There are 2 protein chains.
Amino acid sequence: MTEIDKIDRRILGILQVEGRIANNELAERIGLSPTATSDRLKRLQKDGYIVGFGARLDPHRLGFGLLVFIEVLLDKTTPDVFDDFAKAVQRAPEVLECHMVAGGFDYLIKTRLADMTTYRRFLGDVLLSLPGVKETRTYAVMEEVKNDGPLPL
Amino acid sequence: MTEIDKIDRRILGILQVEGRIANNELAERIGLSPTATSDRLKRLQKDGYIVGFGARLDPHRLGFGLLVFIEVLLDKTTPDVFDDFAKAVQRAPEVLECHMVAGGFDYLIKTRLADMTTYRRFLGDVLLSLPGVKETRTYAVMEEVKNDGPLPL
DNA sequence: GAATTTTTCCGTATTTTATCCGGTGGAAAC
DNA sequence: GTTTCCACCGGATAAAATACGGAAAAATTC
């Protein structure tokens, strides 16, 4: 697997924001031929710098008006609470992100739901019913100041 | 702006995961002609359901090995601390997300950086130097259990 | 420092894909 | 029953992606 150069970074920077740009236009912007550009793009994918492509959707227009972060504390008595919890979380479609953190709690979860009623049900039926969950703290988002900032390449 | 139907949702679901899929293949998967599929895609963009497209990059291969969440508390004495803070945050390229939350603190920030040294500098030079920041709590991510879950359409 | 290997790049030809356009069928409105 | 509207289709055209041979540049070796 080869190293990455300046042009590759520019390609990544553009694709991060305009993922469906035509290869031709991408080529023009970075100042290379379409063939060379396509070669680079393929390499960046093959080498794992680009994991995939995706559409950015507007959650609010799609029935996900509520963004919530949840801090989760686990009951660390059983040896594989962490594994169990991680696996359960990956199967829950409501969970957009879940990170194990160092600090005052164990996991930070990001979820998008329709409204508070839905959230209430999610908390009870999904989260609190998971084995090993000792405590949760809910933070409802009032305003999304910045949403999907690109990596500053 | 028209309503969305079952087929539209399937299109969105596919595009969320495979944003660069060819219109032809998309058409085949949903069982419509390429023309009809293209029409729907255009409409979904025009009506704002699809905000854009982007490449999913691997942060770790690009020099962003450290994911950090930061809880921020503001000094609510000046009337426009919130606006000032929000604007400053939007200009900071290190900040991937920033949300104003209801609960024990005011803002939750998500940032990706090279390492702890870089983070230390970011905290001092950027965050703590913003006007109105009273207190911050740092949570370094040890394991990314789930990263970019799609909306469960 | 010259020769060789490797990598990156380009241009052309071919294939694939997207878009345009006229027309069809079905549902709702009149 | 006719008209209107909408989503869809298929064929024609335009545009883009890909494959391929070879040239230039860079790195490696001797």
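Side chains are part of it too, since the values below use all heavy atoms of this structure and drop only hydrogens, waters and symmetry mates. In this text, all values refer to a predicted model and were calculated from it rather than measured experimentally. First the proteins, then the strands, lettered A, B, ... as listed; each starts at 1.
Rounded to whole Å, the distance from CG on Asp39(A) to P on dT18(D) is 10 Å. A straight line from CG of Leu41(B) to P of dA18(C) spans 10 Å, rounded to a whole angstrom. Rounded to whole Å, the distance from NZ on Lys42(B) to C1' on dC8(D) is 15 Å.
The stretch residues 5-29 of chain A has no heavy atom under 4.0 angstrom from DNA chain C at all.
At a threshold of 4.0 angstrom between heavy atoms, the contacts of Thr35(A) include nucleobase atoms, whether or not backbone atoms are also involved.
Residue Arg40(B) places its side chain closer to dC8(D) than to any other of dC21(C), dC10(C), dC8(D).
Rounded to the nearest 0.5 Å, atoms CD (Glu71(A)) and OH (Tyr139(B)) are 5.5 Å apart.
Counting only distance, with no hydrogens or angles, the side chain of Ser38(B) and the backbone of Pro34(B) share no donor-acceptor pair below 3.5 Å. Of the possible polar contacts, none joining the Arg10(A) side chain to the Leu153(A) backbone as a donor-acceptor pair under 3.5 Å is found.
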Apply side-chain hydrogen bond (donor to acceptor under 3.5 Å, both in side chains) to residues Thr138(A) and Tyr119(A) and explain how you reach the verdict. CA-CA 10 Å; Thr138(A) 294; Tyr119(A) 174 68; 2.3 Å; yes
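Remark: Arg112(A) is not positioned above the aromatic ring of Phe64(A), lacking an NZ or CZ atom under 6.0 angstrom from the ring centre and at most 45 degrees off the axis.
Qualifying side-chain hydrogen bond (donor to acceptor under 3.5 Å, both in side chains) partners for Arg120(B), counting only residues two or more places apart in sequence or in other chains: none.
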